[in-house]
Amino acid sequence: MLATLDASNAGDACTLVGWVHRRRDLGGLLFLDLRDRSGILQVSVGPAWSSAEGLAAAQGLGAEDVVRVRGEIALRPEEARNPEMATGDIEFRAHDIELLNRAATPPIPVFRGPEDELPGEDLRLRYRNLDLRRRELQENLILRHRLILTARNYFDRIGFVEVETPILTKPTPEGARDYLVPSRVHPGEFYALPQSPQIYKQILMTAGFDRYVQIARCFRDEDLRADRQPEFTQIDLEASFVEPDDILAWIEGLMAEMAAVAGVEAHPPFARLTWAEAMERYGSDRPDLRWDLELHDWTAAFSDTDAEILQSIIGSGGRVRGLRLAGGARLSRRQIEELEGVARKAGAPGLLWAKGSAEGGSGPLARWMGPGHWDATGAGEGDLLLVAAGPDGMTSPALSAVRGAVIRALELPKVREHAWLWVLDFPLFEEADGRLYANHHPFVLPHPDDLDRLEFDPLSVRGLAYDLVYNGSELGSGSLRVHDPALQRTILSLLGLSAEETEQKFGFLLEALASGAPPHGGIALGMDRIVKDFLGAPSLRDVIAFPKTTAARATFEGAPVPVAEGDLADLGIGLREPTGALKGAEPRDPE
RNA sequence: GGGGCUGUAGCUCAGUUGGUUAGAGUGCCGGUCUGUCACACCGGAGGCCGCGGGUUCGAGUCCCGUCAGCCCCGCCA
């Protein structure tokens with residue numbers, strides 16, 4: 001490894017291999033920066049120590065050529081040392097140079113000068129092998145490797161067994177769209193790629209693998225985001241005879257070890273909020289607690305208001321909630337309008353605001369406010385109130401979005417650099433289109449205190465579920481699971497599944513639960529997000545070797561692609577609109 | 001499915017109100033150069049202005065459509 005060499009190696013004769021990173025030809029003297037995974041070492045080529053063939057070979061080299069150099073490690077002359085460079089005290093005096101493989105002039109540069117911008121992301125993905133030669137991406141992937149290794153060692157040490165589960169699985173009726181895989185042997189029938197190993201790991205519990213872990217690849221056919229890829233990696237685990245605190249403690253221990261590897265601070269035990277507290281104080285189920293700004297409920301204070309709009313909202317069960325920003329009055333009208341835009345985008349009809357001033361205040365809300373209201377909100381001169389009124393389902397997401405925006409607008413100081421948080425007791429169900437949906441998935445164990453309300457007030461039932469949140473990013477999600485087949489049937493029927501559907505779709509799970517299933521629970525952590533957030537990288541693409549584009553394409557190899565009619569026929573598949581399926585990705589080198 | 005931003009030389013970008021022959025840096029090619037390290041200097045090649053249509057005497061520039069990349073909403077049990 002080139003960059004592990006230093007002055008102590010001076011005088012060593014050896015052979016080095018690597019890529020030509022850059023060439024500086026001074027005429028009589030010529031320098032090559034030789035690169036490998038470890039870094040860069042300067043190779044100097046000159047008539048005093050290089051063969052005529054070596055000189056000639058060096059003159060013909062270009063960026064990214066692969067070479068083998070025979071020579072000797074030497075201390076650089078005092079005045080030619082480069083303190084900016086890890087190997088800047090030494091150089092490699094080449095005797096002979098052998099070109100192992102010529103590189104075409106790279107379409108995107110691997111070398112990046114101090115003021116060079118990165119090439120466009122489309123090109124970086126199209127020529128991913130070149131992009132991956134850059135030190136930054138190499139370090140990201142190496143950190144990822146070390147984090148996975150840390151996790152595997154950690155779980156091995158505390159008695160977990162890694163078990164692989166199938167990639168060809170059964171389609172799931174709820175949740176994300178499945179990637180489907182046609183069966184050749186059974187034309188017209190399909191496997192699905194797993195959205196997670198959820199059911200398999202529960203079945204492993206019934207099989208007696210009481211501590212299971214897997215670095216599992218998962219697939220969801222949904223639209224992408226900067227923090228969402230269609231295939232991703234989870235640290236997936238499940239254990240029998242556990243309480244939530246067991247899982248939380250294990251994960252806190254894991255995160256402390258992984259964070260240490262990445263140079264991130266994580267000091268268990270982590271903060272805990274119930275879901276209800278998180279929604280009340282931050283309007284979000286994954287609040288970023290690097291800032292301590294909280295929402296307030298001023299419904300009581302405004303119950304006597306003359307503002308008809310507030311009166312009618314309060315009268316219909318809505319609440320008046322908002323943020324108080326010390327010194328926020330310095331925000332301009334225009335900046336506040338931008339915050340209103342943020343609130344509207346998050347579903348609020350608007351945002352009421354008031355600036356506190358010596359004259360009594362200004363802004364649309366201020367005209368409805370008397371001294372009692374100012375006292376109740378605690379706002380004084382120079383402060384800003386941002387208020388939303390309505391049902392919690394509207395004000396929470398709106399004010400959460402405003403909270404984030406105003407933190408940026410006012411550049412509020414962080415109270416901590418690394419904010420770890422558990423969010424507990426999520427509702428078991430949510431309601432949409434007049435029916436129930438599982439909030440997390442249908443296997444979450446209801447909170448024992450709420451069990452008696454399951455059938456007549458299901459929306460009030462909490463689950464024994466927990467999310468791990470780091471700096472406002474959801475890193476993991478888990479729960480205790482239902483192990484009683486009767487309870488599981490009840491929950492599936494609440495979700496609208498008939499007895500027949502239940503048997504057809506989940507019969508194998510229910511059968512396993514009826515075979516002597518231990519109480520069990522687990523969690524799944526988003527491996528890609530952990531690496532991304534530990535690095536502070538802007539996108540998951542920076543921590544995945546071969547990511548997909550936002551349109552779920554792999555542009556390096558060019559997937560997906562249309563397939564030949566005959567291949568489809570073998571699978572019993574006919575295309576409805578063959579022309580539509582044939583547009584798009586073209587093979588890269590169609591020879 | 002919807003909204004937004006971007007697309008000009010291999011790469012990163014500039015290009016005025018629509019007006020002559022579309023520029024810069026870098027890379028590439030050729031040359032000079034013995035201590036460079038973003039080497040320096042001299043010379044050169046390199047353009048379907050993403051693609052298609054429209055408006056106009058005239059379009060890189062305006063309009064419509066489309067493709068690609070990115071960000072967001074929906075979606076992500």
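Reminder, nothing fancy here: chain letters follow the sequence lines and each chain counts from 1.
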Query - Candidate pair Leu34(A) and Leu2(A), rule side chain to side chain contact (heavy atoms under 4.5 Å, CB included), full reasoning - result: CA-CA 8 Å; Leu34(A) 191 65; Leu2(A) 298 174; 3.9 Å; yes
Euclidean distance for [atom1], [N] against [M] (whole angstrom):
N: C37(B); M: C42(B); atom1: C1'; answer: 22 Å
N: U16(B); M: A22(B); atom1: C1'; answer: 14 Å
N: A9(B); M: G27(B); atom1: C1'; answer: 11 Å
N: C39(B); M: C62(B); atom1: C1'; answer: 47 Å
N: C5(B); M: A24(B); atom1: P; answer: 31 Å
N: C13(B); M: G60(B); atom1: C1'; answer: 14 Å

Could you give the [atom1]-to-[atom2] distance, from [X] to [N], as a whole number of Å?
X: Asp122(A); N: C11(B); atom1: CG; atom2: P; answer: 9 Å
X: Arg344(A); N: G4(B); atom1: CZ; atom2: C1'; answer: 17 Å
X: Glu84(A); N: C39(B); atom1: CD; atom2: C1'; answer: 15 Å
X: Asp65(A); N: C28(B); atom1: CG; atom2: P; answer: 11 Å
X: Glu115(A); N: U26(B); atom1: CD; atom2: C1'; answer: 12 Å
X: Leu30(A); N: C39(B); atom1: CG; atom2: P; answer: 12 Å
X: Glu430(A); N: C75(B); atom1: CD; atom2: C1'; answer: 12 Å
X: Glu91(A); N: U34(B); atom1: CD; atom2: C1'; answer: 12 Å

Take atom [atom1] of [X] as the centre, draw a 6.0 Å sphere, and report whether it contains more than 12 heavy atoms from other residues, nucleotides or ligands.
X: Glu337(A); atom1: CD; answer: yes
X: Arg435(A); atom1: CZ; answer: yes
X: Trp19(A); atom1: CH2; answer: no
X: Arg37(A); atom1: CZ; answer: no

Under 3.5 Å, is there any donor-acceptor pair linking the side chain of [X] to the base of [N]?
X: Asp223(A); N: G74(B); value: yes
X: Arg81(A); N: U36(B); value: no
X: Arg23(A); N: C39(B); value: no
X: Arg228(A); N: C75(B); value: yes
X: Arg225(A); N: G74(B); value: yes

Using Watson-Crick or G-U wobble geometry with both distances below 3.5 Å, tell me the partner of [N], or none.
N: G7(B); answer: C67(B)
N: G30(B); answer: C42(B)
N: G35(B); answer: none
N: G18(B); answer: none
N: U56(B); answer: none

At under 4.0 Å between heavy atoms, what does [X] touch on the DNA or RNA strands: base, sugar-phosphate, or nothing?
X: Arg435(A); result: nothing
X: Ile40(A); result: nothing
X: Ala63(A); result: nothing
X: Pro114(A); result: base
X: Pro77(A); result: base

**Report entry** Aromatic plane relationship, Trp275(A) with Phe426(A) - under 30° parallel, 30 to 60° tilted, over 60° perpendicular
**Finding:**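 The rings of Phe426(A) and Trp275(A) sit tilted, inter-plane angle from 30° to 60°.
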**Report entry** Parallel, tilted or perpendicular: rings of Phe546(A) and Phe556(A) (30°, 60°)
**Finding:**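 The rings of Phe556(A) and Phe546(A) sit tilted, inter-plane angle from 30° to 60°.
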Report task. Report the residue (Asp227(A) or Arg177(A)) whose heavy-atom-nearest nucleotide on RNA chain B is the more 5′ of the two. Result -> Asp227(A)
Report task. On RNA chain B, check which nucleotide each of Leu29(A) and Gly175(A) is closest to and give me the residue with the more 5' one. Result ->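 Residue closer to the 5' terminus by nearest nucleotide: Leu29(A).
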Requested in this report: Tell me whether the OP1 or OP2 atom of C28(B) has a side-chain N or O from Thr105(A) closer than 4.0 Å.
Outcome: no
Query raised in the report: Between Arg22(A) and G27(B), is there a side-chain N or O to OP1/OP2 distance below 4.0 Å?
Result: yes
